[in-house]
Enquirer: 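The structure is given below, and queries will be raised subsequently.
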Amino acid sequence: MDLKGHLYRLLPGRLQPRCKRAYLTLSPTRLTPGNIQRSLSSSLFDNDAAYRSYLAELDESPFTEYRTVMRDRYDEHVGTQTTNEQKSISGGLDDTAARNLYAVVRSLQPSVVVETGVHYGHSTAYILAALSRNGHGHLHSVDPVAASSCPGDTEEPGWLVPETLRDDWTLHVGRSQRVLPELLPELGSVDLFLHDSDHSAPCMLFEFELAWEWLSERGLLVSDDIHWNDAFPTFLDHRDGDAGRLSLNAGYVRPSGRR
Ligand SMILES: C[S@@+](CC[C@H](N)C(=O)[O-])C[C@H]1O[C@@H](n2cnc3c(N)ncnc32)[C@H](O)[C@@H]1O
């Protein structure tokens with residue numbers, strides 16, 4: 001934990017929310033979209049131009065057209081009208097995190113990617129689009145079909161993922177608690193792990209601990225919805241890692257000192 005965290009914990013409980021609000025409003029490094037982007041590009045990319053080139057490549061790729069198809073299919077299936085192009089598909093990784101995840105996969109060039117929580121397949125599709133552009137790498141996704149609980153779930157997890165991207169994808173049907181202890185040793189090591197499944201603290205900590213154990217030297221652990229509970233900050237407190245954000249909701253950590 002850094003000095004800021006120690007000071008925060010020394011404050012009386014009733015003052016903590018007020019001090020947090022004041023800090024978030026006044027700090028020059030507060031979590032604005034611009035600050036998140038700057039910190040991400042300087043931490044995980046060779047330089048800002050490289051980071052921006054991956055985002056530009058995504059915007060110009062056929063995948064961007066497919067996003068419109070995804071939204072239309074989603075609206076038709078779930079019975080909503082997704083009007084704002086930047087709005088995320090409900091229940092999925094937000095668009096900022098999804099786009100940044102694409103750029104990270106392009107830069108990291110992972111061989112083995114594991115994600116938990118597929119749902120309609122929003123994050124899955126972005127990871128697969130980047131792997132396809134890389135020309136190598138495989139995504140293993142874990143989701144128990146029966147646990148999908150959002151409206152319109154009548155099809156298998158990942159039904160929005162384009163057919164053309166499915167060659168580099170294996171869906172493991174089951175809860176992460178059952179699947180990961182067998183899958184990760186089988187894979188040997190993981191270059192990128194994304195948690196987006198059951199956001200209870202025990203499940204998040206279970207996945208983080210296990211993923212960290214099997215993370216490759218240059219590996220990266222990403223978690224969506226890090227504000228749901230204390231699991232992500234608690235995990236960071238006990239690990240020697242460099243952490244940052246893909247968006248306001250999604251965080252990442254990797255073993256310290258990697259570049
Ligand atoms: C937030 S959604 C995933 C969103 C997805 N990553 C996206 O961007 O579209 C959560 C998913 O986690 C799955 N899930 C719930 N409990 C799980 C568990 N224990 N292990 C793996 N997946 C789980 C649910 O079935 C659901 O599909």
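Sequential numbering from 1 along the given sequence is applied to the chain's residues. First listed ligand is number 1; within each ligand, the first listed atom is number 1.
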Enquirer: Give the C-alpha distance, both sets of side-chain angles, the deciding distance and a yes or no for side chain to side chain donor-acceptor pair (under 3.5 Å) between Asp198 and Ser200.
Expert: CA-CA 6 Å; Asp198 167 6; Ser200 66; 3.2 Å; yes
Enquirer: If you measure every N or O of Tyr120 against every N or O of ligand 1, does any of those distances drop under 3.5 Å?
Expert: no
Enquirer: Is it true that Phe208 and Phe193 have ring centroids separated by less than 6.0 Å?
Expert: no
Enquirer: Closer than 4.0 Å to some heavy atom of His119 - which atoms of ligand 1 meet that?
Expert: 2 (S), 3 (C), 4 (C), 5 (C), 27 (O)
Enquirer: Any N or O of Gln177 that comes nearer than 3.5 Å to an N or O of ligand 1?
Expert: yes
Enquirer: Restricting to non-hydrogen atoms, name the atom on Gln109 and the atom on Asn134 that form the minimum distance, rounded to 0.1 Å.
Expert: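 Closest heavy-atom pair between Gln109 and Asn134: NE2-OD1, 2.9 Å.
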Enquirer: Can you name the atoms of ligand 1, numbered from 1 with element, that are less than 4.0 Å from a heavy atom of Ser123?
Expert: 5 (C), 6 (N), 7 (C), 8 (O), 9 (O)
Enquirer: List every atom of ligand 1 that sits less than 4.0 Å from any heavy atom of Val142, numbering the atoms from 1 in the order shown and giving each element.
Expert: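 Numbered from 1, ligand 1 contributes 21 (C), 22 (N).
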Enquirer: For Ser39, does its backbone N or O pair with a side-chain atom of Ser42 as donor and acceptor, under 3.5 Å?
Expert: yes
Enquirer: Hey, is Asp225 touching ligand 1 through its side chain, its backbone, both or neither, going by heavy atoms under 4.0 Å?
Expert: neither
Enquirer: Short list, please: which atoms of ligand 1 are under 4.0 Å from a heavy atom of Gly117?
Expert: 3 (C), 5 (C), 6 (N), 11 (C), 12 (O), 22 (N)
Enquirer: Is it true that atom CD of Glu209 has more than 12 heavy atoms of other residues, nucleotides or ligands lying nearer than 6.0 Å?
Expert: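 Result for CD/Glu209: enclosed.
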Enquirer: Counting only heavy atoms, tell me which of Ala250, Pro144, Ala98 gets closest to atom 14 (N) of ligand 1.
Expert: Pro144
Enquirer: Hey, does Thr116 come in under 3.5 Å of ligand 1, counting only N/O atoms on both sides?
Expert: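 So ligand 1 has no N or O lying under 3.5 Å from an N or O of Thr116.
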Enquirer: Between Val222 and Leu220, does the side-chain contact (heavy atoms from CB on, under 4.5 Å) criterion hold? Intermediate values first, please.
Expert: CA-CA 6 Å; Val222 177; Leu220 192 72; 4.1 Å; yes
Enquirer: Can you see which heavy atom on Pro110 is nearest to which on Arg218, and at what distance?
Expert: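 Heavy atoms only, the tightest pair is CA-NH2, 3.9 Å.
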Enquirer: Is there a polar contact between ligand 1 and Glu207, counting only N or O atoms under 3.5 Å apart?
Expert: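 There is no such contact.
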Enquirer: Hey, which atoms in ligand 1 end up nearer than 4.0 Å to a heavy atom of Leu93?
Expert: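 Heavy-atom distances to Leu93 below 4.0 Å select 7 (C), 8 (O).
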Enquirer: Given the side-chain rings of Tyr126 and Phe63, with only the six-membered ring counted for Trp, is the space between their centroids under 6.0 Å?
Expert: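 Yes, the ring centres sit under 6.0 Å apart.
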Enquirer: Which one of Asp198, Val173, Leu101 has a non-hydrogen atom at the shortest distance from atom 16 (N) of ligand 1?
Expert: Asp198
Enquirer: Give the atom numbers and elements of ligand 1 that come within less than 4.0 Å of a heavy atom of Gly92.
Expert: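 Listed by number with element, the hits are 4 (C), 7 (C), 8 (O), 9 (O).
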Enquirer: Do ligand 1 and His122 have nitrogen or oxygen atoms that lie under 3.5 Å from each other?
Expert: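 Right, the criterion is met.
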Enquirer: Side chains of Val113 and His138, heavy atoms from C-beta outward: is any pair under 4.5 Å?
Expert: no
